[in-house]
Each structure stands twice: as C-alpha cells, then as structure tokens.
Protein chains: 2
Amino acid sequence: MTSNTRTTALDNNGRLMVHGAGRIKIVDVASEAGVSVTTVSHVLSGRRPVSASTRARVEDVIQRLGYQADPSARGLRTQRTRTLGLVVPDITNPFNTAIAAGMQEIALAHEYLTVVCEAPMDGPHLPEVIRQLVARRIDGIVVGRYGATRQDLDRITASGSKLVRLGGPLAPGLGDVVRAAETEGMYDLVSHLVGRDYRRIAYIGGAPGVEPGEERFAGYRKALETAGLPVHQELVAWTSFTREGGRAGATAVLNATEPPDAVVCANDLIAIGALDTARAAGLRVPDRVAITGYDDIEAASLVSPALTTVLNPAREIGRSAAQLLLDRLEGEDSGPAREIVLAHRLVPRESA
Amino acid sequence: MTSNTRTTALDNNGRLMVHGAGRIKIVDVASEAGVSVTTVSHVLSGRRPVSASTRARVEDVIQRLGYQADPSARGLRTQRTRTLGLVVPDITNPFNTAIAAGMQEIALAHEYLTVVCEAPMDGPHLPEVIRQLVARRIDGIVVGRYGATRQDLDRITASGSKLVRLGGPLAPGLGDVVRAAETEGMYDLVSHLVGRDYRRIAYIGGAPGVEPGEERFAGYRKALETAGLPVHQELVAWTSFTREGGRAGATAVLNATEPPDAVVCANDLIAIGALDTARAAGLRVPDRVAITGYDDIEAASLVSPALTTVLNPAREIGRSAAQLLLDRLEGEDSGPAREIVLAHRLVPRESA
DNA sequence: CTGAAAGCGCTTACAG
DNA sequence: CTGAAAGCGCTTACAG
C-alpha cells in the first residue's frame with residue numbers, strides 16, 4: 001500500500017506517464033482512492049451500484065491521474081475489442097470514405113474505433129481481408145456492395161462478429177442490411193425531367209444486371225410508365241460506369257433516328273462522358289439536350305454545366321450501419337435481421 | 001491431455017469455431033502437436049531456435065486448426081497493439097484517403113492494422129483524438145498537416161507511441177517527417193510554362209503564409225527568377241483554396257493593366273474557378289490564357305479543358321510514413337529523426 | 001533444443 | 001455497498 005501510494009504520487013508528479021512505463025493502472029487508482037480495484041472497475045462500468053461518496057472520490061482520482069483502461073487487458077477479459085470494421089473495394093472512393101466517416105461519427109461517441117479495409121474487387125482479396133478482421137476479433141463488420149459469397153459472410157457470423165451488409169437481400173443468418181433507395185431516387189430524377197417537359201428520355205446504364213445499376217434502371221422505367229411514356233429500345237444503351245462509357249453511350253443514343261431531348265445516366269462519371277459527347281457535337285446542355293448523373297460526386301458540381309444528379313446518402317448509410325452494429329453489440333443481440341432503407345435526395349443544377 | 005485433445009478434435013471437426021466459443025487457443029495447438037505452449041509461441045515468433053521437425057509439426061497443426069493468436073492477449077503481454085493511426089482534418093479528402101491507402105498497404109504486409117481518424121481543423125478536436133489514440137495504445141501515429149501544437153505532439157511521444165509528421169520542421173523529439181517536394185513541383189510546372197513561351201505568368205494563391213501554399217509560391221518565384229522573369233505584383237492574387245477563390249483571383253489578375261498569358265493556381269480547385277472566369281470572359285484556354293492547377297484531384301481530369309497540374313504523391317507519402325513507423329517499432333528505435341522528401345510529378349493536359 | 005510458471009491489467013462470479 | 005481472487009490467452013525470463 002505504502003509503496004503503491006508512492007508510485008502513484010510519483011506518476012502523478014512526473015508529468016504523467018513517461019515512456020509508457022509509469023502508465024497509471026487500475027490498481028494505482030484503487031490505492032490512491034483507498035478502495036479495491038473491484039470498486040474502481042464498477043465505477044467505470046456502472047454495472048454495480050457504488051455509494052455516491054465513493055464514486056465521487058474514485059472519479060476524482062481517475063480524472064486527476066488521467067487513468068485510461070488498457071484496451072488489451074479489457075479485451076482479453078471481455079472478448080471484445082470495441083472496434084468496428086468496414087470492408088470496401090476501394091478506399092479512395094469518396095462514397096466509401098463518406099460511409100467510413102459516418103460510421104466513425106457514431107462509433108467514436110460510444111468509444112469504439114473504426115478500421116476501414118480495402119479489398120479490391122479483382123482477385124481473392126475479400127476472403128483474406130475478412131480473415132484478418134476476424135483474426136483481430138473485430139466486434140462488428142460492415143461489408144460494402146460486393147460479390148461477397150455466402151461463405152465469406154458465414155465466416156464473419158460464425159466467428160461471433162456482428163455483420164451488416166450494404167445492399168443485397170435480407171435473409172436470416174446474413175446480418176442486417178442498410179441500403180439507399182436507388183429505385184426511388186432515379187424515379188424522382190426522371191419525374192423531375194418529365195415535369196420540365198422532356199419527353200424523349202434516353203438512358204445510359206453501366207453494366208446491365210449489376211446491383212446499383214439494375215435498381216436505377218427500374219426507377220427510370222417506372223417513372224416513364226407513370227408518365228405514360230414508352231421505353232424506346234434505341235434510347236437505352238448499356239456501357240460501363242466510366243467517362244469513356246458515357247461518351248460511347250451518348251454517341252449511340254444521340255444518333256438514334258429520333259434523338260432524345262434528355263439523357264439520364266446511371267452515374268455521374270457516365271454523365272460527364274455524355275457531356276463531352278454533347279459538347280463535341282455542338283449540342284447545348286440543357287437547351288438542346290438535358291443530361292443527368294447519379295451519386296453527386298465532387299466533380300458533379302465542378303464540371304460545366306454543373307450536373308443535375310441525385311445525392312447518395314453515404315454518410316447516413318455509415319451512421320445507420322454503425323448504429324445497427326452497436327445495437328447488436330451493446331443491447332440485446334436477439335431479434336430478426338433488420339433492413340434500413342435511406343432516401344436519396346435530388347440535386348437540381350444546370351444540366352437538366 | 002485427453003480432455004484437451006478431445007476438445008481440439010471437436011473444434012477441428014465442427015466446422016471450426018462456433019460463436020467464438022470453440023476458438024482455437026495456443027494450448028490447443030500445443031497439445032495437438034504434443035509440445036509446450038512455449039514452443040508453439042517460439043515457432044510463431046521465431047525468437048528462439050526450434051528443431052526442424054518440431055517446427056514442421058507445429059506449423060502443420062496451426063494450419064490445420066486455423067489458429068490465430070488472440071490480439072488482446074498478445075497485446076497485454078507485449079504492450080503493443082500492432083496498430084498504426086493516421087490523424088487528418090478531413091477523412092473524405094482524397095489526398096488523405098490516398099495517404100491512408102498507402103499506409104495500409106505497408107502495414108497489412110506486416111500484420112499491422114491502420115485506423116484513420118478525423119479531427120477537423122476547427123475547434124479542439126485534435127487533442128481529443130490524440131487522447132483517444134494514445135489511450136488505445138496505438139503503436140505509431142501519423143499526424144497530417146495541421147496546427148498541431150508542440151503539446152499535442154509531446155503527448156504522443158511521451159506515451160511511448162512513435163510519431164511521424166507530414167510536414168513541418170525536423171526537430172529532435174518530434175518524430176520523423178515525410179513531405180512532398182512542393183517547391184520543386186511548382187518550379188517544374190512554371191518552368192514547363194516558360195518552356196512553352198508563356199511570359200506573363202500570374203499566380204493565384206490560397207491564404208498567404210499557410211504551409212503548402214507558401215512553398216508552392218516559393219517554387220513559382222524561383223522558376224520566374226531562373227527564367228529571368230520579374231514577379232509582377234499586380235499578377236499575384238491571394239484568396240482561398242476554393243473554386244470561389246479561384247473565380248475572384250482570376251477576375252483580379254485577368255483585369256490587370258497588362259493581362260497575363262498564363263495563370264498558375266495554388267491548387268486544382270482554384271484553377272477550376274479560374275476556368276469559370278475565363279469561360280465567362282470568353283477567353284479560350286489555353287490559346288488566350290493557360291491555366292494550371294496543383295494536386296491532381298479527380299476533377300482535374302474531368303473538367304474541360306482538362307487541367308495541367310502536378311500530382312501529389314499521397315499514396316507514396318502514406319507508404320513512407322508507415323515504413324518509418326515500422327522501422328522504429330520493429331527495428332531498433334534509436335537513431336536521429338529522419339525526413340523523407342518525395343518528388344512530385346508534372347501532369348500535362350490540355351489547359352497549359 | 002525444450003518446458004513450467006509467472007505475469008501483463010483488466011472484469012466478474014463469489015462471498016459477505 | 002464492497003473486496004479477495006480467479007482467470008482471460010498470450011510471451012518470456014528462468015531453468016535444464
């Protein structure tokens with residue numbers, strides 16, 4: 001006790017913790033406050049009543065000594081790391097970082113850390129990254145929109161980690177789902193065009209059948225249908241989610257027998273490519289032809305004319321995913337799988 | 001021993017680890033291989049010679065059971081978390097994510113995790129984030145370009161964590177430094193303009209005196225000096241690092257008594273704003289006036305005309321920072337503070 | 001070349 | 001309302 005007190009006084013004295021050697025431990029707090037480590041622990045966790053006066057004294061000492069529980073020691077005991085993981089195909093993609101930012105916002109408030117891992121689409125990166133996260137005992141994992149196999153996902157849930165997927169079907173044993181209302185977003189965008197008297201509305205998609213593209217196309221069809229407008233086969237082009245794809249797709253639809261007065265693109269990059277084609281053909285946008293994007297990447301507002309597009313609520317997706325994970329982790333784990341669908345928001349600019 | 005073997009067999013059998021309960025531990029490996037946990041540990045770490053046959057047997061069992069050491073247990077013992085941290089003002093900024101990607105690339109290869117934390121410039125976020133990372137016992141921390149105070153940095157080194165700063169002076173006790181050759185990059189860019197016979201070269205800076213801006217301006221001056229060209233006061237405008245700033249700055253310099261034939265901008269956003277102004281004034285770029293950016297953000301290649309700019313080697317910065325940290329962590333810690341300077345790369349496009 | 005055992009810093013039954 | 005002690009899963013002196 002005496003020796004302990006002296007040590008503590010020394011730490012407290014000497015500008016706190018030199019070289020990690022004098023790091024304050026729970027036992028230092030306990031002896032300084034004249035209680036057991038059990039009590040200090042319970043003051044920290046609130047899992048057992050502690051008399052007001054004892055609590056106050058302990059909290060004061062914690063403050064004064066700047067005590068912070070060692071996460072490794074705590075983790076070893078609790079089998080929890082207080083860490084959330086996000087796996088995405090491309091860590092530099094702004095959507096993905098916005099998702100990460102949203103997760104972090106929620107996680108940090110609960111004293112959880114967030115790690116974001118990149119697992120490129122090509123090659124077998126995903127299983128390896130998942131293996132690493134599981135080995136690290138990450139408490140909850142968010143898996144981005146992917147070709148994640150059933151096996152990959154099972155690996156996560158089998159390890160005891162909680163799982164949230166960003167898209168895909170809701171199914172038991174596959175964790176919770178958070179996704180954006182893609183179909184509705186595109187429906188709103190096309191309806192916006194219809195409301196502005198555009199009638200021959202073309203569509204340039206990315207690869208057909210791929211998840212976000214498929215849903216966006218459905219929104220396009222539904223909006224035309226609602227407006228009593230036909231889907232002209234020659235006004236629909238399938239290409240890739242790139243600027244190059246947009247150029248090619250726009251060339252195709254703009255050369256239709258009866259050209260369109262608007263071109264709806266499956267994402268902003270395609271729309272920027274379509275803008276190139278329109279400019280090269282001397283077609284003024286939006287006077288001669290309207291062009292719209294989707295996602296609202298930074299460049300959408302920087303090109304000229306600025307793109308009318310739909311905002312992808314990425315940050316909100318991240319927030320929701322983290323909250324779902326924390327609910328399973330902190331609250332009761334039970335309850336059926338849940339799905340959260342987030343609304344998109346139309347961003348009208350100059351191009352349509 | 002018998003009971004242990006049975007347990008192991010069960011785990012091995014039952015589709016490995018159900019609910020984290022049957023997680024394989026070092027003792028399972030040891031009993032299955034018929035050696036002590038000491039030996040398994042040494043096979044893992046390589047810190048003690050193990051006979052070839054024993055090693056082979058143990059490695060086989062590790063493989064077969066899919067053993068992964070528990071990071072909390074290991075961390076508690078070694079006082080290391082095998083985690084690197086990156087602190088940046090804005091987690092959605094592509095530079096910062098590129099830095100994170102570079103760090104992760106190196107870190108993952110050494111079985112380190114990387115966490116990136118956002119601490120906005122405004123308000124007292126930085127001390128709080130640093131506190132969290134230190135409390136988490138993060139082994140090495142990279143602090144982005146900031147108004148980090150001496151006290152903030154001391155807090156990191158005092159805790160025993162290794163520190164790398166991205167910019168700022170090299171000084172003992174402040175960790176290692178990684179930075180890009182900003183001055184040289186701008187020098188090359190302006191020399192490129194001189195080589196293309198531009199002679200009245202204007203400069204639009206962000207806030208004067210701020211770190212990256214200051215160095216870029218120095219490169220501009222040096223290049224003009226080398227070419228025997230004067231720095232015209234009326235051709236230099238100070239504004240903010242935004243598109244709006246670029247518009248205002250361009251309006252100022254383009255309305256000079258004797259207008260410039262080229263406008264060098266301190267970053268890409270400013271250049272995109274300058275492009276707006278030139279377009280509005282009916283000035284063709286680059287025929288009537290050349291415009292250049294700096295950083296090579298995604299939008300730089302998406303605007304029209306595409307921006308001539310300088311690539312910021314962000315990913316490489318991340319790699320170097322992680323390597324520096326790992327050197328201190330894995331090798332000997334000693335040695336004086338080091339600085340790594342990374343070359344920029346000129347990216348000629350249409351605008352100059 | 002190998003093993004038995006201490007101990008890292010916590011949390012949590014168990015006991016009062 | 002509080003405390004003594006076991007134990008989480010590793011690594012590493014110490015010993016042979």
Side-chain angles (χ1 to χ4, degrees), chain A residues 1 4 7-8 11 17 20-58 62 65-82 111 135-137 139 160, chain B residues 1 4 7-8 11 17 20-58 62 65-82 111 135-137 139 160:
Chain A
M1 167 80 179
N4 232 327
T7 308
T8 311
D11 290 346
M17 343 176 247
R23 213 151 227 168
I24 285 117
K25 302 179 284 190
I26 196 170
V27 62
D28 299 321
V29 174
S31 72
E32 179 79 7
V35 297
S36 70
V37 295
T38 306
T39 295
V40 176
S41 180
H42 284 112
V43 167
L44 251 16
S45 70
R47 297 174 71 84
R48 188 167 90 172
V50 175
S51 77
S53 66
T54 304
R55 167 183 301 281
R57 191 150 30 91
V58 171
I62 287 172
L65 302 190
Y67 170 70
Q68 296 274 160
D70 181 310
S72 293
R74 182 174 272 175
L76 175 58
R77 208 24 247 249
T78 61
Q79 305 287 20
R80 288 284 176 78
T81 53
R82 292 190 87 83
E111 306 240 25
R136 278 282 191 152
R137 273 45 163 189
D139 298 326
Chain B
M1 167 80 178
N4 232 325
T7 309
T8 312
D11 289 347
M17 343 176 248
R23 211 149 230 171
I24 285 116
K25 301 177 284 190
I26 197 170
V27 62
D28 300 322
V29 173
S31 72
E32 179 79 6
V35 296
S36 71
V37 296
T38 305
T39 296
V40 176
S41 180
H42 283 113
V43 167
L44 251 16
S45 70
R47 296 173 74 83
R48 188 167 90 172
V50 175
S51 77
S53 65
T54 303
R55 167 183 301 280
R57 190 151 32 90
V58 171
I62 288 172
L65 301 189
Y67 170 70
Q68 297 273 162
D70 181 310
S72 292
R74 183 174 271 178
L76 176 56
R77 205 30 243 249
T78 61
Q79 304 287 21
R80 288 284 175 80
T81 54
R82 292 191 88 82
E111 307 241 25
R136 278 282 190 153
R137 270 55 160 181
D139 297 326

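Numbers restart at 1 for each chain; the letters A, B, ... are given by sequence-line order, proteins then strands.
Among all heavy-atom pairs drawn from I24(B) and Y67(B), the shortest one is O-CD1, 3.4 Å. The two residues R137(A) and A69(B) make their nearest non-hydrogen contact at NH1-O, 4.2 Å. Between T81(A) and R136(B) the shortest heavy-atom distance is O-NH1, 3.1 Å. The nearest pair of heavy atoms linking S36(B) to A30(B) is C-CB, 3.8 Å.
With rounding to whole Å, H42(A) atom NE2 is found 13 Å from dC14(C) atom P. Straight-line distance from the CZ atom of R47(B) to the P atom of dT2(C): 18 Å, rounded to whole Å. In this structure, L44(A) places its CG atom 12 Å from C1' of dG9(C), rounding to the nearest Å. The distance between atom CZ of R137(A) and atom P of dC10(D), rounded to the nearest whole Å, is 7 Å. Atom-to-atom, NZ of K25(B) to P of dG7(D) comes out at 12 Å; the value is rounded to the nearest Å. Look at CD1 on I26(A): it is 15 Å from P on dC8(C), rounded to the nearest Å. The distance from atom CG of L76(A) to atom P of dC10(C) is 12 Å, rounded to the nearest whole Å. Rounded to whole Å, the distance from CZ on R77(B) to P on dA5(C) is 16 Å.
Summary of the strand contacts: T78(B) and T54(B) both lie near DNA chain C, and taking for each the nucleotide with the nearest heavy atom, the more 5' one is attributed to T54(B).
Among the nucleotides dG3(C), dT12(D), dC10(C), the one closest to any side-chain atom of V35(B) is dG3(C). Of all nucleotides listed (dG7(C), dG9(D), dC8(D)), dG9(D) comes nearest to the side chain of A73(B). In the set dT11(D), dT12(C), dT2(D), the nucleotide with an atom closest to the side chain of S51(A) is dT2(D). With dC10(D), dA13(C), dT12(D) as the choices, the nucleotide that has an atom nearest any side-chain atom of R48(A) turns out to be dA13(C). The side chain of V37(A) sits closest to dT11(C) out of dT11(C), dC1(D), dA5(C). Side-chain atoms of R74(B) lie closest to dC10(D) of the nucleotides dC10(D), dA5(D), dA4(C).
In this model, the phosphate group of dT11(C) is not approached by any side-chain N or O of Q79(A) to a distance below 4.0 Å at OP1 or OP2. The phosphate of dG3(D) has neither OP1 nor OP2 within less than 4.0 Å of any side-chain N or O from T38(A). Close to dT2(D), at under 4.0 Å from its OP1 or OP2, lies no side-chain N or O of T39(A). Note on Y67(B): every side-chain N or O is 4.0 Å or more away from OP1 and OP2 of dG9(D).
Between dC14(D) and dC10(D), the two P atoms lie 24 Å apart (nearest whole Å).
dG16(D) is paired with dC1(C) under the Watson-Crick or G-U wobble criterion, all donor-acceptor distances under 3.5 Å.
Judged by distance alone, the side chain of R48(A) and the main-chain N or O of G46(A) form no donor-acceptor pair under 3.5 Å.
The side-chain contact (heavy atoms from CB on, under 4.5 Å) with I26(B) is formed by just one residue from the set V40(B), D70(B), I62(B), T38(B); it is V40(B).
Nucleic acid contact for S72(B): none, since no nucleic acid atom lies under 4.0 Å from a heavy atom of the residue. Residue S41(B) is classed as a base contact, given a heavy-atom separation below 4.0 Å to a base.
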